[in-house]
Amino acid sequence: MSTAGFTAGARWGRMLAVLGAMLLLPVGAHAQAVIAGRITSNDLPLAHAQVGLLGSRFGATANSEGRYRIAGIPAGRHTLVVRLLGFAPGARIVEVAAGDTVEADIALEPAASVLDAVVTTGTLQERYVSESPVKVDVLTERFLERNVTNNLMDNLPFVTGLTQQVDCGVCFTNNIRINGMEGPYTAVLIDGTPVMSSLATVYGLNGLNPAIIQQVEVIKGPASTLYGTEAMGGVINIITKDPRFAPRYSVNTFGSSHGEVNVDAAAAPRIGGAYTLISGNLSYNDQFIDENGDNFSDLPLNRRLSLFNKWSFGSAERRTLDLTARYYYEDRFGGTREWTRDDRGSSERYGESIYTGRVELIGNYRLPFESESARLWFSANHHDQDSFYGDQHYAARQTVLFGQLVWDRTFGERHDALFGATMRYQTYDDDTPATREDDRRWIPGVFVQDEVSLGSRLVGLGGLRIDHHREHGAILSPRLNIKWQPGGDEETTIRLNAATGFRVVNLFTEDHAAVTGARRVVVSEALDPERSVNVTVGLNQHVHFGSPLEGLILDLDAFHTRFSNKIQPDYETDPNAIIYGNLDGHAVTRGVSLSVQLDAPTRPYTMALGATVQDVFVRSHGERRALEFAPDFQGTISAGYAFRSVGLGLDYTGRIVGPMQLPTFPGRALRSPWYGEHHVQATKAFATGVEVYAAVKNLFDYQQRDPLIDPGDPFGETFDTFYVYGPVQGRRFVLGARYSVGR
């Protein structure tokens, strides 16, 4: 680590310690006062700054005008501390008397970098983005707000290198591809635990509401050394909000011209020595939209309920225990206009009706050792799905119990080691031919990694994991990461990542066509676990212009992943069947990704551009063919401007997708056309704390007109739902409002 990097890390580490100390001491329940004010930089408001009182549990988050309000404060002398990503922390001493309301404005100085978000996904240790030897992309709460949705899946395709693949053009099951790799290769975590796996990825990803999310951390490339199976292509770690800094009360509601209605409500009270966040989401849509005239709904009709409760014990610096519970239920339908609930499971009118119920419990406990750093992650979840795809019944149940003990220990001045042991127990049963009886298994694993300082400019990270699977024995997953800062500062950073990954498959989640089309499913052999080897080289460069606090952040990555034992569906040998087996050959995804972000935290405008060019193919029996639904090019664009004097913000997000290989169907194109999807949003903030927003989704009304094969005969042999490459929902308008009360 460089001297500059160490100094920056120490500065931010001290700031975290100060913020943690705010939560250590008890406060009185009498002689209360109020502190309120505005957080600015260069006389411009700073939204989302975190404000707290040193040595207490009182805090608030600044609104879009930079204003905050902290009530219930005991009389006396207090130190007010403020932090915000991209700015140096600020502090001010404030003295209040009983019943007083004191105005305390604080101005922050811009920091030299906007890359100092704290992440844990890369190494299972808290690291700043700029210091981590593993590259981690961070999606902030602000990123999620600029494209309003009740569904995280609608935000992720606007991230460089990520695309959403819709696997069924009727019920809209979907997944996220990282650098062209299919969705099942991506591990989706909540607060660091793998609760969104296998069956849950089919519809559960749509139930992740941005209203409960603090940030999203993304690793592009294998991470099986730390996260085991399903992290073969990358990791998406969803960090939920900290109850200490969440608004005391908040509500967000919106509706769209396509009949979608969404309501979020949350409260974050302090109960005894703990904070808790209680949140509920209701989403409803019963308007049948069929703009392409195929007599099928362009988007599913649904009723969705999600309940979320998180408890945090201890201080922010030494959080003893975080405990989270979530319940999710959805009634989803896609099908023909004439279908009614009485037709569920019949062959008279075609409909796909899915009932999904899910319960999750997630915990993170710091063991009570003063001289050691040890943590226990644990989770339990149960997922139940009852579905009809036309007249074909599909029922599935999955239960996963997970525990992970991690010990962090430094050795001398150069080594920062991590030792871990995991145990995963899962039961799975469904109605597909691939699962003829209830599958129960224990999967134990151990891992070790060591981060080594090789000088002031060079850091290395090595790791090894061993998992034991009943059918496959011991599976090893090594990794090697190197971070080099040739200039001795944080202006230029080069990273080399090399790792292997593995994945044990579940057939239904691999290919939704196995149950939604008319074809028979044939499993030609015992399916072996898939394996991958990945090498990624990345360059991060700061380019300054004018002021040293303004410039551009450039990220350039070249990646190459080779798969073996790939599970490959064969649609061509028998037109009435899907034949599954391990690929006799290998698959490759390789490419180059470039992103450019404006680094000007005090300016009223933002901008980011990204592009990924990739080559994704399968080579078998000496022949090469492109992999379906992996676009040759993907570009992302985002821009925003804040008219701060009137409290108005304008945001634009867009993506451009290049041609991709499509499945073979008679009379249909084998390659998709270029297309773009663009959203614009305006947000008006009022002094009362209310924000009103209006958006136009799919501004230029691009819509794939033919997502279904032979929709006129849905019970026929040629009907298929697996031909979706672009948006099937046209232009729509959204109007909403949000309101929050600070702590």
Side-chain angles (χ1 to χ4, degrees), residues 120-125 184 186-201 204 219 222-232 235-238 320-326 358-369 372-383 397-409 417-429 435 438-450 463-479 499-506 509 529-531:
T120 59
T121 308
T123 63
L124 279 181
Q125 300 161 303
T186 300
V188 180
L189 317 176
I190 298 181
D191 290 333
T193 62
V195 297
M196 297 297 293
S197 60
S198 192
L199 180 64
T201 62
I219 294 178
S224 291
T225 302
L226 292 183
Y227 299 105
T229 186
E230 295 167 354
M232 191 173 179
V235 174
I236 297 176
N237 188 11
I238 298 157
T320 306
L321 174 65
D322 285 347
L323 193 62
T324 301
R326 191 172 78 103
R358 180 170 178 81
V359 179
E360 300 167 357
L361 178 67
I362 304 167
N364 182 346
Y365 174 64
R366 183 188 293 270
L367 274 65
F369 302 137
E372 302 290 344
S373 177
R375 275 197 172 275
L376 175 66
W377 277 270
F378 56 91
S379 65
N381 64 82
H382 177 75
H383 191 104
R397 293 150 301 280
Q398 175 180 277
T399 300
V400 179
L401 306 178
F402 174 81
Q404 176 171 271
L405 180 63
V406 175
W407 176 42
D408 186 357
R409 181 69 183 271
L418 191 74
F419 304 90
T422 67
M423 178 62 74
R424 177 170 174 153
Y425 173 72
Q426 64 184 36
T427 66
Y428 180 85
D429 188 28
T435 310
D438 192 2
D439 181 23
R440 300 174 180 267
R441 64 182 68 197
W442 291 92
I443 306 174
V446 294
F447 61 87
V448 60
Q449 73 176 21
D450 186 17
L464 177 66
R465 181 189 187 95
I466 303 175
D467 277 333
H468 185 272
H469 288 259
R470 184 179 60 200
E471 297 88 350
H472 313 298
I475 300 178
L476 276 67
S477 301
R479 78 188 298 186
T500 68
F502 74 94
R503 190 171 64 93
V504 178
V505 304
N506 174 269
T509 61
E530 298 184 335
R531 302 304 303 257

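Every heavy atom of this structure was used, including side-chain atoms; hydrogens, water molecules and symmetry mates were not. Along the sequence shown, the residues carry numbers beginning at 1.
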Can you check whether Thr324 reaches Asp191 side chain to side chain, under 4.5 Å on heavy atoms?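 Thr324 vs Asp191: side chains touch.
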
Testing Arg397, Arg358, Gln398, Glu360 for side-chain hydrogen bond (donor to acceptor under 3.5 Å, both in side chains) with His383, which one passes?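 So, applying the side-chain hydrogen bond (donor to acceptor under 3.5 Å, both in side chains) to His383 and each of Arg397, Arg358, Gln398, Glu360, only Arg358 qualifies.
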
Between Arg424 (side chain only) and Phe402 (backbone N and O only), is there a donor and an acceptor less than 3.5 Å apart?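 A pair under 3.5 Å: no.
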
Consider side chain to side chain contact (heavy atoms under 4.5 Å, CB included). Of Met423, Gln426, His468, His469, which one does Trp442 pass it with?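 Option passing the side chain to side chain contact (heavy atoms under 4.5 Å, CB included) with Trp442: Met423.
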
Minimum heavy-atom separation for [X] to [Y], with atom names?
X: Asn237; Y: Gly192; answer: OD1-N, 3.0 Å
X: Thr320; Y: Arg375; answer: O-NH1, 4.4 Å
X: Gly363; Y: Leu323; answer: CA-CD1, 4.1 Å
X: Ala474; Y: Ile466; answer: CB-CG2, 4.2 Å
X: Thr500; Y: Pro478; answer: OG1-CD, 3.0 Å
X: Tyr365; Y: Pro368; answer: OH-CD, 3.4 Å

Would Thr193 and Asn364 count as a side chain to side chain contact (heavy atoms under 4.5 Å, CB included) here? Give the steps. CA-CA 9 Å; Thr193 62; Asn364 182 346; over 6 Å; no

If you round to the nearest 0.5 Å, how far is [atom2] of [Y] from [atom1] of [X]?
X: Thr399; Y: His382; atom1: OG1; atom2: NE2; result: 4.5 Å
X: Leu405; Y: Trp377; atom1: CG; atom2: CH2; result: 9.5 Å
X: Leu361; Y: Leu401; atom1: CG; atom2: CG; result: 10.0 Å
X: Tyr428; Y: Arg440; atom1: OH; atom2: CZ; result: 14.5 Å
X: Leu476; Y: Arg531; atom1: CG; atom2: CZ; result: 8.0 Å

Test side chain to side chain contact (heavy atoms under 4.5 Å, CB included) on Phe447 and Leu418 and set out the steps. CA-CA 8 Å; Phe447 61 87; Leu418 191 74; 4.2 Å; yes

